[in-house]
Amino acid sequence: MEELDVAEAGPGEVVVGVEYGGVCGTDAHLWSGRLDIPTPVVLGHEGLGTVERIGAGGLADANGEPLAVGDTVMWASSISCGSCVPCRMHEEPTLCERRTTYGVNLPVANAPGPSGSWSERMVLRAGTSVVKLPAGVPPASAMSLACAGPTMIHALYGRRPVRLGESVVVQGSGPVGLAAAAMAQLAGAAQVIVVGGPESRLAVARRLGIGDHHIDIIDGMDAAAALAEVRALTGGYGADLVIECAGAPDAVPQGIAMARRGGSYLVVGQYTDRGEVAVNPHQLVHRQLSLLGSWGFTGAHLVAYVNLLPALTARFDLASLVTEFPMADCEEALRQVGTGGVLKAVLRP
């Protein structure tokens, strides 16, 4: 643990006292060296806190509401530059060539104090999307899907939406998979089939009512049996939409096989390069599949997630997904996330 000076809030900036710093699967990848980042860096790209200081001239949140000291807020993890080719020409700020991300590529040397949420307080730079937490939403519930939620907002809004009455398969039962399943249900899917594991995670999903059917592909069925079960549940055809949220390369050919002819396969979970797998291109053509990828999220997606929280928390007990750790136990939290020992870990300063 180190002490860093926290600068005053400049124009367009906000100093927040951090109440929760989320521990994401990406943080476990960073800790294990799977992603190249500048160091030393304060980790934490998911956060929730209280406004302590606001830069001169005041500031409104992303919904246009004036910010005030004492407001409980969440903030987007990244700031896109707005001027590179993906931002300016392709309208794809998630693919920004100069994107800065809290807790990832803002090293201590370049930051006005901590630039990650694994800290007592941090400065939110000008251009950060900041949004007030809706009244009545418990902070722990908001943190349960703090990264997974906006990631799936991007995937299911900007890349391939769930259509009313569709059958949806979700591969993976971690936070991203549970976010995908819950949002598919809110969007009007006729049935949502969660293919994941271990059984303890599927049991949580059943208890919360996330997903209509649950298939254990870790300890219960092999890939062939899981495919047969998906087809049986979908009238022999396969799902209209399959969403990959597992992060395991082997899940990709399995997921392609679970989609019906003319269906869609949406890949979200492959955030780090864990190697190649064999895919039969004839299956893509013969079954006329739509294959899409979705990378990260923007401030707009974070705001949409926060605005959706009243509906999500009214239907699902999201706070029960969260396990709290004191900041000093961050390495244990990382181990638990890496091994799947907890569904969602958060740090408390």
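Basis for what follows: all heavy atoms, side chains included, without hydrogens, waters or symmetry-related copies.
- In this structure, OG1 on Thr151 lies 9.5 Å from NE2 on His301, to the nearest 0.5 angstrom.
- Heavy-atom contacts from other residues, nucleotides or ligands closer than 6.0 Å to CG of Asp5 number 12 or fewer.
- Between Ser294 and Ala155, the shortest heavy-atom contact is OG-CA, 3.4 Å.
- A heavy-atom distance below 4.5 Å is not found between the side chains of Arg231 and Arg260.
- Side-chain contact check for Met152 versus Val268: some heavy-atom pair is nearer than 4.5 Å.
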Stepwise side-chain contact (heavy atoms from CB on, under 4.5 Å) check, Phe297 with Ser78: CA-CA 8 Å; Phe297 62 90; Ser78 298; over 6 Å; no
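- Ile153 CD1 to Leu302 CG: the interatomic distance, rounded to the nearest 0.5 Å, is 10.0 Å.
- Residue Val162 is not grouped with residue Tyr265 when hydrophobic side chains (ILVMFWY) are merged at heavy-atom distances under 4.5 angstrom, including chains of intermediate members.
- Between Arg99 and Cys87 the shortest side-chain heavy-atom distance does not fall below 4.5 Å.
- The distance from the CG atom of Leu347 to the OG atom of Ser119 is 10.0 Å, given to the nearest 0.5 Å.
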Test log, rule side-chain contact (heavy atoms from CB on, under 4.5 Å), inputs His154 and Thr298: CA-CA 8 Å; His154 176 211; Thr298 68; over 6 Å; no
side-chain contact (heavy atoms from CB on, under 4.5 Å) assessment of Val230 paired with Val242: CA-CA 11 Å; Val230 166; Val242 180; over 6 Å; no
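- The heavy-atom pair separating Cys245 from Ala180 by the smallest distance is SG-CB, 3.8 Å.
- Hydrophobic clustering, defined by side-chain heavy atoms of Ile, Leu, Val, Met, Phe, Trp and Tyr closer than 4.5 Å, groups Ile54 together with Val14, Val16, Val18, Val51, Leu59, Leu67, Val73, Trp75, Ile79, Tyr102, Leu106, Met122, Leu124, Val130.
- Side-chain N or O atoms of Trp118 include none that pairs as donor or acceptor with a backbone N or O of Pro349 at under 3.5 Å.
- Counting only residues at least two apart or in different chains, salt bridge (charged side-chain N to carboxylate O under 4.0 Å, His left out) contacts with residues 118-142 comprise Glu52-Arg121, Asp71-Lys132.
- The stretch residues 247-259 participates, sequence neighbours left out, in no salt bridge (charged side-chain N to carboxylate O under 4.0 Å, His left out) pair at all.
- The backbone N or O of Glu65 sits nowhere less than 3.5 Å from a side-chain atom of Asn63 that would complete a donor-acceptor pair.
- Among residues two or more places apart in sequence or in another chain, the side-chain contact (heavy atoms from CB on, under 4.5 Å) test is passed with Ser264 by Arg160, Leu241, Ser290.
- Clustering of Ile, Leu, Val, Met, Phe, Trp and Tyr side chains at separations under 4.5 Å places Val85 together with Met89.
- Looking at every heavy atom in both residues, Gly174 comes nearest to Leu343 through CA-CD2, 4.1 Å.
- Tested against Asn105, the residues Asp36, Val41, Thr100 include a single side-chain contact (heavy atoms from CB on, under 4.5 Å) partner, Thr100.
- Linking Ile, Leu, Val, Met, Phe, Trp and Tyr residues whenever their side-chain heavy atoms come within less than 4.5 Å leaves Leu289 and Val168 in two separate clusters.
- Under a 3.5 Å cut-off, the side chain of Glu244 and the backbone N or O of Gly269 do form a donor-acceptor pair.
- Note: the hydrophobic cluster containing Met143 does not contain Val23 (ILVMFWY, side chain heavy atoms under 4.5 Å, direct or indirect links).
- Contacts of Glu332 classified as salt bridge (Lys or Arg N to Asp or Glu O under 4.0 Å), with partners at least two apart in sequence or in another chain: Arg335.
- Without hydrogens or angle criteria, Ser80 side chain to Pro93 main chain gives a donor-acceptor distance under 3.5 Å.
- Judged as a side-chain contact (heavy atoms from CB on, under 4.5 Å), and not counting sequence neighbours, the contacts of Thr26 are Cys24, Leu30, Leu35, His45, Tyr271.
- Val342 and Val204 fall into different hydrophobic clusters, defined by Ile, Leu, Val, Met, Phe, Trp and Tyr side-chain heavy atoms under 4.5 Å apart, directly or through other members.
- Side-chain heavy-atom separations under 4.5 angstrom define the hydrophobic clusters, and the remaining members of the one that includes Val6 are Val15, Val123.
- The distance from the CG atom of Asn307 to the CG atom of Leu133 is 10.5 Å, given to the nearest 0.5 Å.
- A distance-only check finds no donor-acceptor pair linking the side chain of Arg207 to the backbone of Leu202 [under 3.5 Å].
- Val279 is not connected to Leu292 by any chain of hydrophobic side-chain contacts under 4.5 Å among Ile, Leu, Val, Met, Phe, Trp and Tyr, and they are in different clusters.
- Pairing each heavy atom of Ala179 with each of Ala148, the nearest pair is CB-O, 3.9 Å.
- Scanning for side-chain hydrogen bond (donor to acceptor under 3.5 Å, both in side chains) contacts around Tyr20 gives Glu324, Arg348, with sequence neighbours left out.
- You'll find the side chain of Ile256 reaches within 4.5 Å of the side chain of Arg287, heavy atoms only.
- Judged by distance alone, the side chain of Ser77 and the main-chain N or O of Thr101 form no donor-acceptor pair under 3.5 Å.
- Looking at Met183 and Tyr157, their side chains never come closer than 4.5 Å, going by heavy atoms from C-beta outward.
- Among pairs with a residue in residues 188-210, none fulfils ring-ring contact (aromatic ring centres under 6.0 Å, His included), at least two apart in sequence or across chains.
- Side chains of Tyr305 and Leu309 form a contact here, defined as non-hydrogen atoms less than 4.5 Å apart.
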Derivation and outcome, side-chain hydrogen bond (donor to acceptor under 3.5 Å, both in side chains), residues Glu19 and Thr50: CA-CA 7 Å; Glu19 297 179 28; Thr50 303; 2.4 Å; yes
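- Residues Arg159 and Leu266 are in side-chain contact: their nearest non-hydrogen atoms beyond the backbone lie under 4.5 Å apart.
- Closest approach of Gly172 and Val194 over heavy atoms only: O-CG1, 3.9 Å.
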Chi angles and distances behind the side-chain contact (heavy atoms from CB on, under 4.5 Å) call for Gln336, Thr323: CA-CA 10 Å; Gln336 291 290 330; Thr323 301; over 6 Å; no
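- Considering only heavy atoms from C-beta on, His90 stays 4.5 Å or farther from Leu95 through its side chain.
- In terms of heavy atoms, Cys81 sits closest to Arg98 at SG-NH2, 3.7 Å.
- Rounded to the nearest 0.5 angstrom, Ser141 OG and Lys344 NZ are separated by 13.5 Å.
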What pairs of donor and acceptor atoms, side-chain ones from residues 210-219 against any protein atom, are under 3.5 angstrom apart with sequence neighbours left out?
unit_1	atom_1	unit_2	atom_2	d
Asp212	OD2	Val192	N	2.7
His213	NE2	Gln191	OE1	3.2
His214	NE2	Ile210	O	2.8
Asp216	OD1	Ile218	N	2.9
Asp216	OD1	Asp219	N	3.0

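- By the side-chain hydrogen bond (donor to acceptor under 3.5 Å, both in side chains) test, Glu97 is found to be paired with no residue, residues two or more places apart in sequence or in another chain being considered.
- In this structure, the separation between OG on Ser144 and CG on Asp317 is 9.0 Å, given to the nearest 0.5 Å.
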